[in-house]
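Here is the structure we will look at, set down as structure tokens.
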There are 2 protein chains.
Amino acid sequence: MDFVKKHIVEPGATVRLRKIATVPDGPFDDKQEAYDFTAETITKMRELQYRLYVEGKQSLLIVLQAPDAAGKDGVIRKVLGHLNAQGVRTFPFKVPTEIERSHDFLWRIHKCTPGAGQVSIFNRSHYEDVLAVRVEDLVPKSVWSKRYEMINNFELLLAENGTRIIKFYLHISPAEQLERFKERLDRPEKHWKLNLSDYDARQKWGKYREAYETVFEKCSSKAAPWFVIPADKKWYRNAAVSSIVCQTLKEMDPQLPKVEVDLDEVRERYETELAQLDDDS
Amino acid sequence: MDFVKKHIVEPGATVRLRKIATVPDGPFDDKQEAYDFTAETITKMRELQYRLYVEGKQSLLIVLQAPDAAGKDGVIRKVLGHLNAQGVRTFPFKVPTEIERSHDFLWRIHKCTPGAGQVSIFNRSHYEDVLAVRVEDLVPKSVWSKRYEMINNFELLLAENGTRIIKFYLHISPAEQLERFKERLDRPEKHWKLNLSDYDARQKWGKYREAYETVFEKCSSKAAPWFVIPADKKWYRNAAVSSIVCQTLKEMDPQLPKVEVDLDEVRERYETELAQLDDDS
């Protein structure tokens with residue numbers, strides 16, 4: 001299956017999240033088939049990332065957005081965490097600090113974009129400035145409504161510099177979220193995660209949905225597409241994300257650097273060293 | 001086996017690298033036993049790191065130093081890369097940039113130290129400033145000879161702030177290094193790694209050994225010990241490093257945060273939400 005094609009938000013398309021299923025409708029016959037697919041895809045993804053890293057020219061930015069408990073941490077642990085640590089950095093964006101708030105909203109983001117050969121993973125992102133900030137009414141509409149264009153311009157800047165951007169929304173149902181909150185209650189080692197504000201946020205589910213829909217409509221571009229991933233089933237979510245990352249890396253087509261040295265010369269040096277080693281022993 | 005005890009450089013101890021074997025003398029009967037041990041240890045290491053991350057109080061800094069082809073990248077890929085990406089960052093320290101050189105030698109290092117709950121991995125480090133810099137004669141002895149004390153003071157600063165520091169030297173023989181250079185020659189997909197300067201560095205093996213010995217003598221402290229790991233056998237190297245990281249995390253004894261909320265209140269909220277969900281459907 002072409003997960004890119006299936007889940008991409010075409011530039012300018014209108015998205016109605018309520019009409020998009022949170023459960024998969026294929027292509028796996030069972031969980032095990034999805035696990036096998038994901039494992040295989042992760043292996044390919046690692047190989048391609050290795051090439052990206054040694055090529056040292058292009059970079060990849062992966063943005064994760066989702067309601068609480070939808071699986072941002074899970075995707076990082078189970079899928080993206082398999083990327084080689086030397087070429088990847090994860091940035092969780094939380095409530096901005098005082099210094100961060102004294103700058104424009106993209107200032108703290110820009111510092112975390114990936115350099116050549118690198119992958120950055122954003123756990124939440126600059127999109128919070130048109131999501132939480134909009135829903136929680138933290139700045140006036142006159143301010144946040146201008147940000148969509150600024151985000152597009154910013155992402156274009158990155159794209160022009162060789163950065164591919166893919167943005168995932170993990171789409172879960174309110175019922176599945178509640179089920180996951182229940183798990184936290186049932187397992188004492190997860191009690192530290194409990195938070196009444198998680199329940200408060202559920203009251204604003206509709207407003208967040210609306211804010212996300214605006215984001216998808218205004219900020220899914222060819223250079224930086226959004227993907228809406230059905231996320232009620234973790235095995236499907238992981239399969240789809242790994243496949244889209246893998247497909248993106250494949251399109252970027254990173255190449256191992258050309259051999260710059262004279263192979264014969266290196267071979268000669270090797271033989272000399274080897275002879276010397278034998279002499280020493 | 002207690003790998004910490006076996007490989008630690010006791011503070012102030014004199015180290016003669018030539019007297020330390022580069023091949024293991026136990027405890028594994030065969031490779032497979034080492035692989036199993038490492039896999040098991042990595043699982044434990046991940047669990048402890050998870051606690052470190054959510055505790056959010058202490059941090060861990062892992063320094064890797066070694067001759068070329070000794071396995072710094074391998075240790076990151078096979079051992080440390082299994083740490084959860086959200087709590088770990090890897091920093092390769094290469095030839096300093098112009099801006100970096102315009103500052104003191106610890107300036108660029110300090111920016112990469114781990115925050116609370118985090119792990120930083122240094123692929124090469126501030127120690128290059130008393131290793132390569134010393135051997136290649138990049139600054140006068142009057143400059144580099146003062147750096148050992150500055151390094152100790154710097155590491156003490158970090159330690160006082162809750163950072164545990166462990167420093168690994170991957171100890172390989174010149175013969176094993178040459179064998180690995182040969183592999184690069186034999187495998188076309190590794191040709192891009194070939195470099196005549198690798199062979200040049202072999203001419204200075206004795207000088208580097210001496211420089212490392214000074215480092216171990218002057219900069220292995222209780223707060224920031226050095227470990228000399230026999231590294232001719234990758235399976236032993238990985239087992240030893242994973243075990244020492246795991247042991248260190250165990251000693252740090254990170255704790256899950258206390259539950260701050262009223263569990264009954266959360267349960268009540270859950271029931272309310274559940275009832276509402278049933279109403280909606």
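So that the names make sense, note that chain A is the first sequence line, chain B the second, and so on, each numbered from 1.
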Pairwise distance [atom1]([X]) to [atom2]([Y]) - rounded to 0.5 angstrom:
| X | Y | atom1 | atom2 | result |
| --- | --- | --- | --- | --- |
| B/E273 | A/Q177 | CD | CD | 8.5 Å |
| B/L185 | A/R267 | CG | CZ | 5.5 Å |
| A/Q255 | B/W192 | CD | CH2 | 13.5 Å |
| A/E265 | B/L194 | CD | CG | 11.5 Å |

Does [atom1] belonging to [X] count more than 12 external heavy atoms closer than 6.0 Å?
| X | atom1 | value |
| --- | --- | --- |
| A/E268 | CD | no |
| B/K111 | NZ | yes |
| A/E136 | CD | yes |

Among [options], which residue has the highest count of heavy-atom pairs closer than 4.5 Å to chain A?
| options | answer |
| --- | --- |
| B/G81, B/P174, B/A175 | B/A175 |
| B/I121, B/L274, B/V54 | B/V54 |
| B/V261, B/N123, B/V266 | B/V266 |

Toward chain B, the part of [X] with a non-hydrogen atom under 4.5 Å:
| X | result |
| --- | --- |
| A/R46 | side chain |
| A/R269 | both |
| A/D200 | both |
| A/L256 | side chain |
| A/E260 | neither |
| A/Q203 | side chain |

Any idea which of [options] has the most non-hydrogen atom pairs under 4.5 angstrom with chain B?
| options | value |
| --- | --- |
| A/D198, A/L196, A/N84 | A/L196 |
| A/L80, A/V88, A/L263 | A/L263 |
| A/E179, A/R89, A/R77 | A/R89 |

Query raised in the report: Taking the side chain as C-beta and beyond, is there a heavy-atom pair between B/K258 and A/H191 under 4.5 Å?
Result: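 No, too far: nothing below the 4.5 Å cut-off.
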Query raised in the report: If we only count heavy atoms from C-beta on, is the A/Q276 to B/L178 side-chain gap below 4.5 Å?
Result: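 They are not in contact (no side-chain heavy atoms under 4.5 Å apart), so the answer is no.
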Query - Which atom of B/A85 lies closest to which atom of A/I76, heavy atoms considered - result: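 The pair with the smallest heavy-atom distance is CB-CG2, 4.1 Å.
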